[in-house]
Amino acid sequence: GDVGIMSWDFATGADHSTRPHCACPRNGLVLVGQRYLAASQIQRAGSVGSGEIIFWALNKSRLKLTEAARSYPVEPIIPLACTTDGVYLAGGGLSGKLYLWEVSTWSCLIAWAGHQKPVTCLVFSDDDSLLISGAEDGVIYVWSILRLFGTVEQLHVTQNKVNQDFVYCWIGHG
């Protein structure tokens with residue numbers, strides 16, 4: 001069944017908060033800085049719409065999750081990753097596209113064709129300068145965040161084929 005999201009106190013094991021009915025896929029739950037918890041939501045078969053990302057504010061004093069915002073991307077987002085400072089949130093779509101949002105404005109800054117098949121995992125490097133993506137196509141790409149910001153116009157032109165502006169690529173890791 002659908003168990004939702006639960007949080008516990010590490011010291012006592014006490015249940016802090018439960019958010020029932022979460023449709024979050026694997027790799028779709030991420031801590032955004034120390035301020036938010038974000039979960040991508042894949043709509044169930046027969047639902048209207050493609051999905052959403054829900055942001056809950058972390059209220060440590062009351063130990064509750066309070067809904068702060070919702071984002072409705074143009075396609076279902078599976079994995080999420082966040083920079084260590086909580087400034088940027090990355091998401092990978094079913095189409096293979098990658099997205100980068102600015103958390104403070106909840107706006108999508110960049111979207112680009114990253115893979116030929118659904119993105120399954122994302123992670124930022126320790127210094128947040130690189131985004132590493134993996135997908136069902138068996139390819140792992142390493143993207144330079146600075147290079148992506150420098151080629152925004154080009155990224156939107158290459159919507160239907162994989163953008164070639166990656167730093168490293170490994171093939172056959174499916």
Side-chain angles (χ1 to χ4, degrees), residues 4-10 16-19 21-43 50-115 118-136 139-152 155 163 165-168 173:
I5 299 172
M6 299 176 73
S7 64
W8 295 271
D9 182 313
F10 281 124
H16 281 188
S17 183
T18 302
R19 303 303 300 176
H21 312 296
C22 180
C24 181
R26 182 175 18 169
N27 298 327
L29 183 68
V30 67
L31 185 63
V32 180
Q34 296 297 315
R35 299 170 297 174
Y36 301 101
L37 185 65
S40 57
Q41 302 290 293
I42 302 294
Q43 300 293 351
S50 63
E52 62 188 345
I53 300 172
I54 300 175
F55 296 88
W56 291 285
L58 298 175
N59 186 334
K60 293 180 183 177
S61 64
R62 291 190 342 204
L63 305 175
K64 295 284 183 189
L65 292 174
T66 306
E67 188 172 319
R70 288 179 184 243
S71 177
Y72 297 94
V74 296
E75 69 170 313
I77 300 297
I78 302 171
L80 293 173
C82 188
T83 56
T84 54
D85 58 7
V87 173
Y88 299 110
L89 179 72
L94 286 176
S95 70
K97 282 188 181 179
L98 296 164
Y99 300 86
L100 190 67
W101 290 274
E102 182 177 40
V103 174
S104 65
T105 62
W106 312 111
S107 61
C108 184
L109 300 175
I110 305 170
W112 71 100
H115 291 270
V119 181
T120 56
C121 54
L122 287 173
V123 67
F124 280 96
S125 61
D126 288 342
D127 66 357
D128 294 329
S129 66
L130 303 171
L131 177 66
I132 299 98
S133 64
E136 288 181 10
V139 180
I140 298 170
Y141 288 113
V142 178
W143 309 91
S144 164
I145 299 302
L146 289 176
R147 190 182 292 182
L148 289 172
F149 278 125
T151 59
V152 171
L155 293 173
N163 182 302
D165 204 23
F166 51 84
V167 178
Y168 300 106
H173 291 276

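- The OG atom of S40 sits 7.5 Å away from atom CD1 of I77, with the distance rounded to the nearest 0.5 Å.
- Below 30°, between 30° and 60°, or above 60°: for W101 and Y99 the angle between ring planes is below 30°, a parallel geometry.
- Checked against side chain to side chain donor-acceptor pair (under 3.5 Å), S107 has the following partners two or more places apart in sequence or in another chain: T105.
- How far OG1 of T84 is from CG of L31: 11.0 Å, rounded to the nearest 0.5 Å.
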- [ ] Report the C-alpha distance between L80 and I53 in whole Å, list the side-chain angles of each, state the deciding distance to 0.1 Å, and finish with yes or no for side chain to side chain contact (heavy atoms under 4.5 Å, CB included).
- [x] CA-CA 9 Å; L80 293 173; I53 300 172; 4.0 Å; yes
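- When each of V142, V123, I145 is paired with L131, the side-chain contact (heavy atoms from CB on, under 4.5 Å) condition holds for I145 and for no other.
- To the nearest 0.5 Å, atom CG of residue L130 and atom OH of residue Y141 are 16.0 Å apart.
- To the nearest 0.5 angstrom, L94 atom CG is 11.0 Å from T120 atom OG1.
- For the residue pair H115 and V139, the shortest heavy atom distance occurs at CE1-O, 3.1 Å.
- Nearest heavy-atom pair across D85 and D128 is N-OD2, 4.1 Å.
- Of the possible polar contacts, none joining the N27 side chain to the I78 backbone as a donor-acceptor pair under 3.5 Å is found.
- Heavy-atom minimum distance, C82 versus G33: SG-N, 4.1 Å.
- A pairwise comparison of heavy atoms in V87 and T83 identifies N-OG1, 3.2 Å as the closest pair.
- The 12-atom threshold is not exceeded at CG of D126, counting heavy atoms of other residues, nucleotides or ligands nearer than 6.0 Å.
- Put simply, CD1 on I132 and SG on C121 are 10.0 Å apart, with the number rounded to the nearest 0.5 Å.
- Minimum heavy-atom separation, G86 to R35: O-NH2, 2.9 Å.
- Y88 meets the ring-ring contact (aromatic ring centres under 6.0 Å, His included) test with F149; sequence neighbours excluded.
- Here the side chains of V74 and K97 are not in contact, with every heavy-atom distance at 4.5 Å or above.
- Taking CD1 from I110 and CG from L100, the interatomic distance works out to 5.0 Å, rounded to the nearest 0.5 Å.
- Considering every non-hydrogen atom in both A135 and P118, the closest pair reads CB-O, 3.1 Å.
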Open item on the list: Walk me through whether L122 and L98 qualify under side chain to side chain contact (heavy atoms under 4.5 Å, CB included).
Closed with: CA-CA 9 Å; L122 287 173; L98 296 164; 3.7 Å; yes
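- Between Y36 and F55, the two ring planes are perpendicular [angle over 60°; tilted spans 30° to 60°].
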